[in-house]
**Student:** 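Handing you this structure, nothing more for now.
All heavy atoms count here, side chains included; hydrogens, waters and symmetry mates do not. Protein chains get the first letters and strands the later ones, always in sequence-line order, with residue 1 at the start of each.
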Amino acid sequence: MGLRVFNTLGMRKEEFVPLRDGEVRIYVCGPTVYDFIHIGNARAFIFADIVRRYLEYRGFNVILVSNITDVDDKIIRRSQETGLSMQRISEIYSDAYFEDLDALNVRRPNVSPRATQHISEMIEVIQNLIEKGFAYQVDGDVYFDVLKFEDYGKLSGNKLEALEMGARIEVNPKKRNPADFALWKSRKEGEPAWYSPWGWGRPGWHIECSTMAMKYLGETFDIHMGGKDLIFPHHENEIAQAESLTGKPFARYWLHNEWLTVGGQKMSKSLGNIITVRDALKIYSPQVLRFFLISAHYRSPLDFNKESIEQAKINLEKIFNAIERLLSLKERSERGEDEEFLLAQVREAKKRFEEAMDDDFNTPLAIAAIFDMVRAVNTYVNRNGEIEAATKSEVYETIRVLLEDVLGIKIEVGKREKTRSDIINSLVELILEVRQEMRRRKEWEISDKIRERLQMLGFIIEDTPQGTKWRLKET
RNA sequence: GCCGGGGUGGCCGAGUGGUUAGGCGGCGGGCUGCAGACCCGCCGAGAUGGGUUCAAAUCCCAUCCCCGGCUCCA
């Protein structure tokens, strides 16, 4: 069984077959760089990152393109509010965007095209659309004529008549149909503008994605992704523009992630409940945040709240603990029955992980498979103090690849045991050495008191058959 | 008004017509000098009302509730 994905276009799970053998081309709608990205954006980018990583794990060569919208109403407004130039605003926030992606261990796209650097290509596309009769010019504006594109609505399921009835937009008298959308907007006072056959102006939002996606990925490519809010009108319009231009299908699979809510509600400026990635990272580690964001299926809503993230933290801790225990085992050269059993269980769980990911990227189920490995490892460690070297490395590598390479969660062990100060590290070691001597003399009361006091100071002390271990309490 | 998603055990969260999701939590047991970590067992469920079926959380109908798209939005 190969990979199956839920295609918004058609609203059903389909077998995934890339257009070219061994290669997958993906386009992800990137940010409008007028502010820091928030954790809802992060959910979308992390999901795209995991799709990319899993496809690579499956042996595909993946090309991922994600745009940066650097000309837009919101940037213009921000520029007017702050007095900074539009270029400066988009520079600040696109830098911040990349920093946030890096912090979350989201791999950077292969190409991150900027709208302002593709104005001439967009003009060319618009001109072509006018020539083909899909677009019309009114004063300095150019609009796409939705009636000319038969399939309009095929992605979102919206019908034109219904759109007109429900239209809450004030009707623009220049448009032939209320659902027509701007390809080119004529210049307004104080706005940036480029010269075009229709006079000075700037491109509409939707045209940039169609144009840049086709430029870097070809007229037809494999996967187009984004949050579900983009289905309409953005992606619907992208399809209209691209397909009426080329007469070919635009993207073959459309994947849309559900919302990340905060307190059960969608994040919005008006509710004031937006949590930026930077703020979230002040409280939680990237690993915990990532683990939390993939603990629900991407097409299920997920609520960002303290309790749920605390649970994610504990769960992840459990995985790291098992890895730490595995790594602390002494190596030997003989392989016994317990090793065979451990390997069998880990291989079996790996298969379940792959099956889960093959089924429309079911990350919660994939995580359950990792917990199967965790239990197998822990059971082994409970019964053995040593492990055959090859078994150890196969088990570790299996977990490492799935956790780090596929899910993008860096394994954090070992370094948790150290503080940032060598002096403190040595002091703790010294105290534990003394305590060990007390324990040898069965001075339980004083030993327990030392452990208790250290705990109050934020050190976790654990006596194990392999000796006493310590680490800092997770923040 | 039109379109879509959902309601699962104390909590998070999957599968999907019959056989264990998983994790957290609680309880009991094991291992420990004790604690922790870990292992084992148990606890507990599918909004409501009907229907189909030998069998439904899973299919059908109705009802209630929640969320979203139709406007910038991941």
Side-chain angles (χ1 to χ4, degrees), chain A residues 8 11 28-32 34-35 37-48 69 72-74 77 153 156-159 161-170 179 205 225-234 236 256-261 264-269 274 292 295-303 305 307-319 321-322 324-325 352 355-356 359 362-372 374-383 439 442-445 447-448 451-452 455 460-465 468-471:
Chain A
T8 306
M11 295 291 281
V28 183
C29 281
T32 300
Y34 73 109
D35 207 341
I37 62 166
H38 58 67
I39 50 177
N41 299 316
R43 184 181 194 188
F45 297 138
I46 286 174
F47 172 55
T69 301
D72 162 274
D73 292 347
K74 282 173 297 205
R77 199 185 323 131
S156 61
N158 284 325
K159 294 179 187 70
E161 315 84 67
L163 281 176
E164 284 171 46
M165 292 208 334
R168 283 186 255 159
I169 359 156
E170 71 275 32
W205 175 38
M225 310 180 65
K228 69 174 223 169
D229 50 324
L230 295 179
I231 295 171
F232 191 89
H234 187 53
E236 193 72 74
H256 294 99
N257 62 278
E258 251 291 345
W259 297 111
L260 179 74
T261 56
Q265 283 178 302
K266 184 180 163 181
M267 277 187 282
S268 75
K269 291 264 180 196
I274 286 178
F292 165 72
S295 65
H297 184 86
Y298 77 93
R299 283 190 290 114
S300 297
L302 177 66
D303 194 60
N305 60 68
E307 300 72 49
S308 295
I309 299 176
E310 287 303 324
Q311 280 199 5
K313 194 162 114 181
I314 292 167
N315 288 349
L316 187 58
E317 192 71 14
K318 183 171 175 149
I319 295 171
N321 275 341
E324 196 163 4
R325 297 180 84 209
R352 279 197 295 275
E355 281 163 5
D359 185 11
N362 192 331
T363 49
L365 203 54
I367 289 169
I370 290 189
F371 275 109
D372 290 338
V374 165
R375 194 182 312 105
V377 166
N378 282 328
T379 299
Y380 181 91
V381 178
N382 281 353
R383 292 165 41 167
R439 291 184 70 218
K442 301 198 189 301
E443 298 273 7
W444 305 126
E445 214 171 295
S447 308
D448 290 353
R451 182 173 62 198
E452 193 187 312
Q455 241 154 24
I460 293 171
I461 310 301
E462 289 174 359
D463 298 314
T464 77
T468 299
K469 291 184 175 174
W470 71 276
R471 63 172 186 268

**Student:** Is A/Met11 touching bases, backbone alone, or none of the nucleic acid, heavy atoms closer than 4.0 Å?
**Tutor:**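 Answer is sugar-phosphate: A/Met11 comes under 4.0 Å of backbone atoms only.
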**Student:** Looking at every heavy atom in both A/Gly157 and A/Glu236, which two are closest together, and how far apart are they?
**Tutor:**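 Minimum heavy-atom separation between A/Gly157 and A/Glu236: N-OE1, 4.4 Å.
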**Student:** Given atom CG of A/Asp35 and atom P of B/rC72, what is their separation to the nearest angstrom?
**Tutor:**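 In whole Å, B/rC72 P lies 19 Å from A/Asp35 CG.
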**Student:** Expressed in angstrom and rounded to an integer, what is the separation of A/Asp229 atom CG from B/rG68 atom P?
**Tutor:**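 In whole Å, B/rG68 P lies 12 Å from A/Asp229 CG.
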**Student:** Between B/rC39 and B/rA57, how far apart are the C1' atoms? Round to whole Å, please.
**Tutor:**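 Straight-line distance between the two C1' atoms is 31 Å.
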**Student:** Both distances under 3.5 Å, Watson-Crick or G-U wobble: report the partner of B/rA47, or none.
**Tutor:**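 Per the H-bond distance test, B/rU63.
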**Student:** Could you report the tightest heavy-atom contact between A/Ala296 and A/Leu302, atom names first, then the distance?
**Tutor:**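 In this case the closest contact between A/Ala296 and A/Leu302 is CB-CD1, 3.7 Å.
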**Student:** Charged N to carboxylate O under 4.0 angstrom, A/Asp229 versus A/Lys266?
**Tutor:**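 Salt bridge: no.
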**Student:** Of all residues at least two apart in sequence or in a different chain, which pass the ring-ring contact (aromatic ring centres under 6.0 Å, His included) check with A/His234?
**Tutor:**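 Scan of A/His234 (ring-ring contact (aromatic ring centres under 6.0 Å, His included), adjacent residues dropped) gives A/Trp205, A/His206.
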**Student:** Which nucleotide, in any strand shown, forms a Watson-Crick or G-U wobble pair with B/rG1, with both distances under 3.5 Å?
**Tutor:**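 The answer is B/rC70, by the H-bond criterion.
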**Student:** What is the minimum heavy-atom distance between A/Cys29 and A/Phe45, and which atoms define it?
**Tutor:**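 Scanning both residues completely, I find the closest heavy atoms to be O-CE2, 3.6 Å.
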**Student:** Do the non-hydrogen side-chain atoms of A/Glu258 and A/Pro301 ever get within less than 4.5 Å of each other?
**Tutor:**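 Yes - at least one pair of side-chain heavy atoms lies under 4.5 Å apart.
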**Student:** Name the nucleic acid region contacted by A/Gly226, choosing base, sugar-phosphate or nothing; use a 4.0 angstrom heavy-atom cut-off, strictly under.
**Tutor:**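 Sugar-phosphate, no base atom in range.
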**Student:** Considering only the P atoms, how many Å lie between B/rG13 and B/rC54, rounded to the nearest integer?
**Tutor:**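 Pairwise P distance, B/rG13 against B/rC54, rounds to 37 Å.
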**Student:** Side chain of A/Thr464 only, heavy atoms from C-beta on: which candidate in B/rA74, B/rG69, B/rG36 is closest?
**Tutor:**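 Shortest atom-to-atom distance from the side chain points to B/rG36.
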**Student:** Would you mind classifying the nucleic acid contact of A/Lys74 as base, sugar-phosphate or nothing, using non-hydrogen atoms under 4.0 angstrom?
**Tutor:**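 Sugar-phosphate, backbone atoms only, no base.
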**Student:** Under 3.5 Å, which protein N or O atoms sit close to an N or O of nucleotides 39-41 of chain B? Give each pair with its distance.
**Tutor:**
unit_1, atom_1, unit_2, atom_2, d
B/rC39, OP1, A/Asn378, ND2, 3.4
B/rC39, O4', A/Asn382, ND2, 2.9

**Student:** Both A/Gly40 and A/Arg299 contact RNA chain B. Which one's nearest nucleotide lies toward the 5' end?
**Tutor:**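 Here A/Arg299 is the residue nearer the 5' end.
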**Student:** Taking only the side-chain nitrogens and oxygens of A/Lys228, find out if one of them lies under 4.0 Å from OP1 or OP2 of B/rC67.
**Tutor:**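 So the side chain of A/Lys228 is outside the cut-off, no N or O lying under 4.0 Å from OP1 or OP2 of B/rC67.
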**Student:** Would you please name every residue forming a side chain to side chain contact (heavy atoms under 4.5 Å, CB included) with A/Thr32, sequence neighbours left out?
**Tutor:**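 Listed in chain order: A/Tyr34, A/Thr69, A/Asp72, A/Lys74, A/Ile75.
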**Student:** Taking A/Thr261 for the side chain and A/Met267 for the main chain, is one N or O donor matched with an acceptor at less than 3.5 Å?
**Tutor:**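 No; zero donor-acceptor contacts below 3.5 Å.
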**Student:** When rounded to the nearest Å, what value does the distance between P atoms of B/rG5 and B/rA21 take?
**Tutor:**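 One P to the other, the span is 26 Å.
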**Student:** Taking all heavy atoms of A/Lys228 and all of A/Trp259, pick out the closest pair and write down the distance.
**Tutor:**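 The pair with the smallest heavy-atom distance is CE-NE1, 3.1 Å.
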**Student:** How far does the C1' atom of B/rC3 sit from the matching atom of B/rC42, given to the nearest Å?
**Tutor:**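 Here B/rC3 and B/rC42 have their C1' atoms 47 Å from each other.
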**Student:** In whole Å, I'd like the distance from the CG atom of A/Asp73 to the P atom of B/rC72.
**Tutor:**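 The answer, rounded to whole Å, is 9 Å.
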**Student:** Hunt down the Watson-Crick or G-U wobble partner of B/rG18, both distances under 3.5 Å, from any strand shown, or write none.
**Tutor:**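 Check on B/rG18: paired to B/rC54, both distances under 3.5 Å.
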**Student:** Could you let me know what B/rG9 is paired to, Watson-Crick or G-U wobble, both distances under 3.5 Å, or none if it's on its own?
**Tutor:**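 Pairing partner, where one exists within any strand: none, as none qualifies.
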**Student:** Both distances below 3.5 Å, Watson-Crick or wobble geometry, any strand: find the nucleotide opposite B/rG26.
**Tutor:**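 Its partner is B/rC42 (Watson-Crick or G-U wobble, both distances under 3.5 Å).
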**Student:** If every non-hydrogen atom of A/Val28 is compared with every non-hydrogen atom of A/Ala48, which pair is closest and at what distance?
**Tutor:**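 Scanning both residues completely, I find the closest heavy atoms to be CG2-CB, 3.7 Å.
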**Student:** A/Trp444 on top of B/rG33's base, within under 5.5 Å and under 30°?
**Tutor:**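 Stack criterion met.
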**Student:** I need the CE-C1' distance between A/Met225 and B/rA74, as an integer number of Å.
**Tutor:**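 Roughly 11 Å, once rounded to whole Å.
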**Student:** Have a look at B/rG46 and give me syn or anti from its glycosidic angle (syn if within 90° of zero).
**Tutor:**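 Syn, angle within 90° of zero.
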**Student:** Using the C1' atom as the point on both nucleotides, what is the distance between B/rC11 and B/rA45, in whole Å?
**Tutor:**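 It works out to 13 Å between them.
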**Student:** How far, in whole Å, is B/rA56 from B/rG51 if one measures between their C1' atoms?
**Tutor:**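 Going atom to atom, C1' in each nucleotide, I get 11 Å.
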**Student:** Whole angstrom is fine here: how far is it from CD1 in A/Ile231 over to P in B/rG68?
**Tutor:**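 My rounded result for the distance is 15 Å.
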**Student:** Can you tell me the distance, in whole Å, between the CD1 atom of A/Ile367 and the C1' atom of B/rC24?
**Tutor:**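 Distance check: A/Ile367 CD1 to B/rC24 C1' gives 14 Å.
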**Student:** What I want to check is whether an N or O donor and acceptor connect the side chain of A/Arg451 with the base of B/rG36 at under 3.5 Å.
**Tutor:**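 It does not, because no donor-acceptor pair links the side chain of A/Arg451 to the base of B/rG36 below 3.5 Å.
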**Student:** If I take atom CD1 in residue A/Ile319 and atom C1' in nucleotide B/rC24, what distance separates them, rounded to the nearest angstrom?
**Tutor:**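 Atom CD1 in A/Ile319 sits about 13 Å away from atom C1' in B/rC24.
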**Student:** Scan A/Glu310 against the nucleic acid and name what it touches under 4.0 Å (heavy atoms): base, sugar-phosphate only, or nothing.
**Tutor:**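 Contact class for A/Glu310: none.
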**Student:** Would you please name every residue forming a ring-ring contact (aromatic ring centres under 6.0 Å, His included) with A/Tyr298, sequence neighbours left out?
**Tutor:**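 Expected list: A/Phe47.
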**Student:** Of all the choices, B/rG33, B/rC70, B/rG22, which nucleotide is nearest to the side chain of A/Ala368 once you look at every atom?
**Tutor:**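 From the listed options, B/rG22 comes nearest.
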**Student:** With sequence neighbours excluded, tell me which residues meet side-chain hydrogen bond (donor to acceptor under 3.5 Å, both in side chains) with A/Gln311.
**Tutor:**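 Counting only residues at least two positions away or on another chain, A/Gln311 forms no side-chain hydrogen bond (donor to acceptor under 3.5 Å, both in side chains).
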**Student:** Is any side-chain heavy atom of A/Asp463 closer than 4.5 Å to one of A/Arg439?
**Tutor:**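 Yes, at least one pair of side-chain atoms sits under 4.5 Å.
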**Student:** Tell me what A/Ile461 touches on the nucleic acid: a base, only sugar-phosphate, or nothing, going by heavy atoms under 4.0 Å.
**Tutor:**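 Result for A/Ile461 = base.
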**Student:** Quantified in whole Å, what is the P atom distance between nucleotide B/rG22 and nucleotide B/rG49?
**Tutor:**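 Nearest-Å result for B/rG22 against B/rG49 at atom P: 28 Å.
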**Student:** Is there any protein nitrogen or oxygen under 3.5 Å from a nitrogen or oxygen in nucleotides 11-15 of chain B, and what are the pairs?
**Tutor:**
unit_1, atom_1, unit_2, atom_2, d
B/rC11, O2, A/Gln311, NE2, 3.0
B/rA14, OP1, A/His297, N, 2.6
B/rA14, OP1, A/Ser300, OG, 3.2
B/rA14, O3', A/Asn362, ND2, 3.3

**Student:** Starting at the 5' end of RNA chain B and moving along, which residue's nearest nucleotide shows up first, A/His38 or A/Ile314?
**Tutor:**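 Whichever sits nearer the 5' end wins; that is A/Ile314.
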**Student:** Round to the nearest Å and state the distance from A/Leu230 atom CG to B/rG68 atom C1'.
**Tutor:**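 To the nearest whole Å, that distance equals 14 Å.
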**Student:** Could you tell me whether the side chain of A/Asp448 has a donor or acceptor atom within less than 3.5 Å of a complementary atom in the base of B/rG33?
**Tutor:**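 When only heavy-atom distances are counted, A/Asp448 does reach the base of B/rG33 through a donor-acceptor pair under 3.5 Å.
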**Student:** Between B/rC64 and B/rG50, how far apart are the two C1' atoms, rounded to whole Å?
**Tutor:**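 Taking atom C1' in both B/rC64 and B/rG50, they lie 15 Å apart.
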